[in-house]
Protein chains: 2
Amino acid sequence: MKTIGKLAQSLNLNVETIRFYEREGLITQPTKPISGYRQYDETIAGQLRFITKAKMLGFTLKEIKSLMSMDNDCAQVELLSRQKLAIIREKISDLQRLEKVIVDMTNTCIQNDDPTYCPIIDALK
Amino acid sequence: MKTIGKLAQSLNLNVETIRFYEREGLITQPTKPISGYRQYDETIAGQLRFITKAKMLGFTLKEIKSLMSMDNDCAQVELLSRQKLAIIREKISDLQRLEKVIVDMTNTCIQNDDPTYCPIIDALK
DNA sequence: TATAAACCCTATAGTAACTATAGGGTCAAG
DNA sequence: CTTGACCCTATAGTTACTATAGGGTTTATA
């Protein structure tokens, strides 16, 4: 059994983040003996690892909450993953388009020596 | 001169968003005659177009505010743009890595017929 | 044994960039 | 002269936390 500080350290999480997940109902309530200090077992550590990994895949906390309750409904989990994949792919192509625009813009800046005029600012007008 | 509603409509912005930009000091204060209704001229419309375009390039409102005051210091504008470009490129490669992970994961799901087990959920544990 | 450092608690505010709501006032048309 | 469409300010809600204030508890040291 660990206190919140030890748990946070071992999982590389902020203490406040763990309390926040508790408030949001993402992890089960830890036992709170006389002192009022939270005591954590491996079960909750596992829930926190799950949350951390799912977050790295781009799931929101709301989605993670339902992922955790879906448990083994693979079809539903797969659907959510595919939706996430579609969003990621869209973001990638948006950013690639953006990258091109900014590259072009900054290039016009290099060739400019006029101190009273900036082509980037001009492009935004 | 337009009222806020007409301006919002012509720029495809939410009325509240315009008031929000005003509170944040991103646009100049419109005149407010007797009625108290804001009256907008082309200058402010131009500022709003500038903000919209800069936002599309991924600049934050804070950055846009300084972009607007940099005016024609091209070197400074170029620096900010290059920083933004670096961030965009990092985001792209992060998302591409993520895409691969999710593709692999969802593929393990397709080949699974066991209703008591989900390989995606398992990978997150 | 006393006390101080290190830890824990709750509750609240702040972050970004809005959006939505409550509870009003004003204006134009019928 | 009233109805509907518009405007006003101020405040709360969104996401996923982080930080702070103002306390209480536990542990280590003198």
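Chain naming here is simple, since letters A, B, ... match the order of the sequence lines and numbering starts at 1 in each.
- Side-chain atoms of Lys65(A) come within 3.5 Å of backbone N or O of Glu24(A) as a donor-acceptor pair.
- With DNA chain C read from its 5' end, the first of the two nearest nucleotides for Arg23(A) and Tyr40(A) is the one closest to Tyr40(A).
- Ranked by how close their nearest DNA chain C nucleotide is to the 5' end, Gly5(A) and Ile34(B) are led by Gly5(A).
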Item to complete: Report the C-alpha distance between Gln9(A) and Val15(A) in whole Å, list the side-chain angles of each, state the deciding distance to 0.1 Å, and finish with yes or no for side chain to side chain contact (heavy atoms under 4.5 Å, CB included).
Response: CA-CA 8 Å; Gln9(A) 199 175 21; Val15(A) 165; over 6 Å; no
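- When atom types are taken as modelled, the side chain of Gln39(A) and the backbone of Pro33(A) share no donor-acceptor pair closer than 3.5 angstrom.
- If you measure from atom CZ of Phe20(B) to atom C1' of dT11(D), you get 14 Å, rounded to the nearest angstrom.
- Residue-to-nucleotide proximity on DNA chain D shows that, of Lys32(B) and Lys62(A), the 5′-proximal contact is made by Lys32(B).
- In this structure, Leu79(B) and Gln76(B) have side chains that are not in contact, with every pair of non-hydrogen atoms separated by 4.5 Å or more.
- The closest donor-acceptor contact from the side chain of Lys84(B) to the backbone of Phe59(B) lies at 3.5 Å or more, if one exists at all.
- In this model, the phosphate group of dA17(C) is not approached by any side-chain N or O of Lys65(B) to a distance below 4.0 Å at OP1 or OP2.
- Atom pair Ile51(B):CD1 and dA16(C):P shows a separation of 16 Å (rounding to whole Å applied).
- At dC17(D), one or more side-chain N or O atoms of Lys55(A) fall inside 4.0 Å of OP1 or OP2 (strictly under the cut-off).
- Atom CD in Glu16(A) sits about 7 Å away from atom C1' in dT18(D), given to the nearest Å.
- One atom, CE of Met1(A), and another, P of dC7(C), lie 20 Å apart when rounded to the nearest Å.
- In the set dC7(D), dT19(C), dC17(D), dC7(D) carries the atom at the smallest distance from any side-chain atom of Ile4(B).
- Residue-level contact check: Arg19(B) touches the bases, meaning some heavy atom is under 4.0 Å from a base atom.
- Per the geometry, CG belonging to Asn12(A) stands 15 Å off C1' belonging to dC17(D), to the nearest Å.
- Applying the 4.0 Å criterion to OP1 and OP2 of dC17(D), one finds that Tyr21(A) has a side-chain N or O inside that range.
- Here the C1' atom of nucleotide dA16(D) and the CZ atom of Phe59(A) are 17 Å apart, to the nearest Å.
- Picking from dC18(C), dA20(C), dA16(D) the nucleotide with the shortest atom distance to the side chain of Asn14(B) gives dA20(C).
- At dT26(D), one or more side-chain N or O atoms of Ser35(A) fall inside 4.0 Å of OP1 or OP2 (strictly under the cut-off).
- Rounded to whole Å, the distance from CZ on Arg38(B) to C1' on dC6(D) is 13 Å.
- Residue-to-nucleotide contacts include no donor-acceptor pair under 3.5 Å from the side chain of Tyr37(B) to the base of dC8(D).
- Straight-line distance from the CD atom of Glu22(A) to the P atom of dA16(D): 18 Å, rounded to whole Å.
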